[in-house]
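Here is the structure we will look at, set down as structure tokens.
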Amino acid sequence: MEASSKAATEHVAFICRTCGVQYAPSMQPPERCPICEDERQYVGWNGQRWATMADLIAEGRRNHIAEEEPGLHAIDTRPAVAIGQRALLVQTPAGNVMWDCVTLIDDASVAAVRALGGLSAIAISHPHFYAANIAWSRAFGDCPVYIHAADRQWVQYPSPSVRHWEGTTREILPGITLINTGGHFEGSVALHWRAGCDGRGALLTGDTVTVAMDRRYVSFMYSYPNLIPLGEKSIARILDALRPLAYERVYGGWANRVVAVDGADAVERSAERYLRFIRES
Ligand SMILES: [Zn+2]
Ligand SMILES: [Zn+2]
């Protein structure tokens, strides 16, 4: 545990090496990571390990920010940290939203996001992607971090910035709506960006609805690393939550995982295929 030797003199917000979630500051690394001990994740094969933000930066990791389409940038860390998800930055006339989060934050990435208009809010799909959401919020005026109330017990870095929202939908800025679908987590959320894809709409999903490798289909799992599928009721609930939305494009949680066209149709035919397989078994 390379980080523990530095922990004695000051409070440090330790980061789990396997899930990349940052914890509330403490003198010693936490004993356990409840997110990794949950059956949807796993404890690293060499045991629970912790890092500090300074460790990640010293290892040469940096954030790369690139435009995906007008008004949308992807932020990913190279070499990857933990699960390796990307964050997406949606620009709107009323302010910018960071969808999901990356663990690494440094001066260069804060400057780059500031040049794109900064952040008015952060919204998180589910606990695996909490990353360093409080550090990012703090860098942008303690902007609100929207986490669905059903996942309240998974928050590892409590802060007044966290907004536990309830219900099925919440418009957090004009044209930016969070949708609670359940499934992977009870509080799993997708983000609908009405102006995305030239006004046809875009759905940002993390792994609430994951974009498959062929980028024509999506899938739905209770656990991705441990390969535990969802049942029919969960799929029905996800479809019910998403059907009212118009969207052409689906942006998944990892670099270049995008269904570029017919996104809403891709979700429907993917659910049909999925249900066919689980019913046949
Ligand atoms: Zn963890
Ligand atoms: Zn996940």
Side-chain angles (χ1 to χ4, degrees), residues 1-4 12-26 28-53 55-56 76-77 80-88 99-104 122-135 146-148 150-158 178-191 203-213 218-230 234-235 237-238 250-255 257 274:
M1 200 157 24
E2 70 275 24
S4 61
V12 173
F14 287 97
I15 293 161
C16 173
R17 281 275 183 189
T18 305
C19 69
V21 171
Q22 188 176 45
Y23 279 64
S26 55
Q28 298 292 333
E31 284 182 16
R32 313 157 41 229
C33 175
I35 291 174
C36 284
E37 290 184 354
D38 176 59
E39 66 182 353
R40 283 163 283 202
Q41 245 286 109
Y42 59 95
V43 175
W45 296 354
N46 297 314
Q48 179 63 49
R49 294 169 67 225
W50 301 93
T52 65
M53 194 67 77
D55 292 335
L56 300 182
D76 68 293
T77 307
V81 173
I83 297 172
Q85 79 275 6
R86 64 178 173 188
L88 291 165
W99 167 246
D100 281 328
C101 198
V102 293
T103 303
L104 189 84
I122 298 170
I124 304 284
S125 62
H126 75 298
H128 296 147
F129 294 172
Y130 288 164
N133 63 67
I134 298 305
Y146 291 93
I147 290 175
H148 196 273
D151 283 350
R152 187 189 296 271
Q153 75 272 24
W154 295 105
V155 169
Q156 306 299 338
Y157 195 152
L178 305 181
I179 306 101
N180 171 226
T181 64
H184 183 39
F185 275 79
E186 184 61 23
S188 279
V189 170
L191 182 151
L203 192 69
L204 283 47
T205 59
D207 64 8
T208 299
V209 169
T210 207
V211 174
M213 289 302 280
V218 300
S219 196
F220 321 86
M221 297 285 269
Y222 179 70
S223 170
Y224 292 93
N226 300 327
L227 306 172
I228 310 171
L230 287 169
S234 296
I235 303 298
R237 180 176 162 195
I238 292 168
V250 180
Y251 285 95
W254 286 266
R257 296 279 281 270
Y274 190 100

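Both ligands and their constituent atoms are indexed starting at 1 by order of listing.
- If you look at Y251 and W99, their ring centroids are not closer than 6.0 Å.
- A centroid separation of less than 6.0 Å is found between the aromatic rings of F185 and W154.
- Neighbouring protein atoms of the Zn ion (ligand 1) (N, O or S, distance under 2.8 Å, waters ignored): C16 SG, C19 SG, C33 SG, C36 SG.
- Shortest distance from the Zn ion (ligand 2) to H184 is reached at NE2 (N/O/S atoms only).
- H128 contributes atom ND1 as its closest N/O/S atom to the Zn ion (ligand 2).
- The side-chain contact (heavy atoms from CB on, under 4.5 Å) check on D207 picks up H126, F129, H184, T210, Y224, W254, with sequence neighbours excluded.
- Between P25 and Y157 there is a side-chain heavy-atom pair separated by less than 4.5 Å.
- Shortest non-hydrogen contact noted between T103 and G20 is OG1-O, 2.6 Å.
- Partners of D151 by salt bridge (charged side-chain N to carboxylate O under 4.0 Å, His left out), not counting sequence neighbours: none found.
- Partners of R40 according to the salt bridge (charged side-chain N to carboxylate O under 4.0 Å, His left out) rule, which considers only residues two or more places apart in sequence or in another chain, are D38.
- For the Zn ion (ligand 2), the nearest N, O or S atom contributed by D207 is named OD2.
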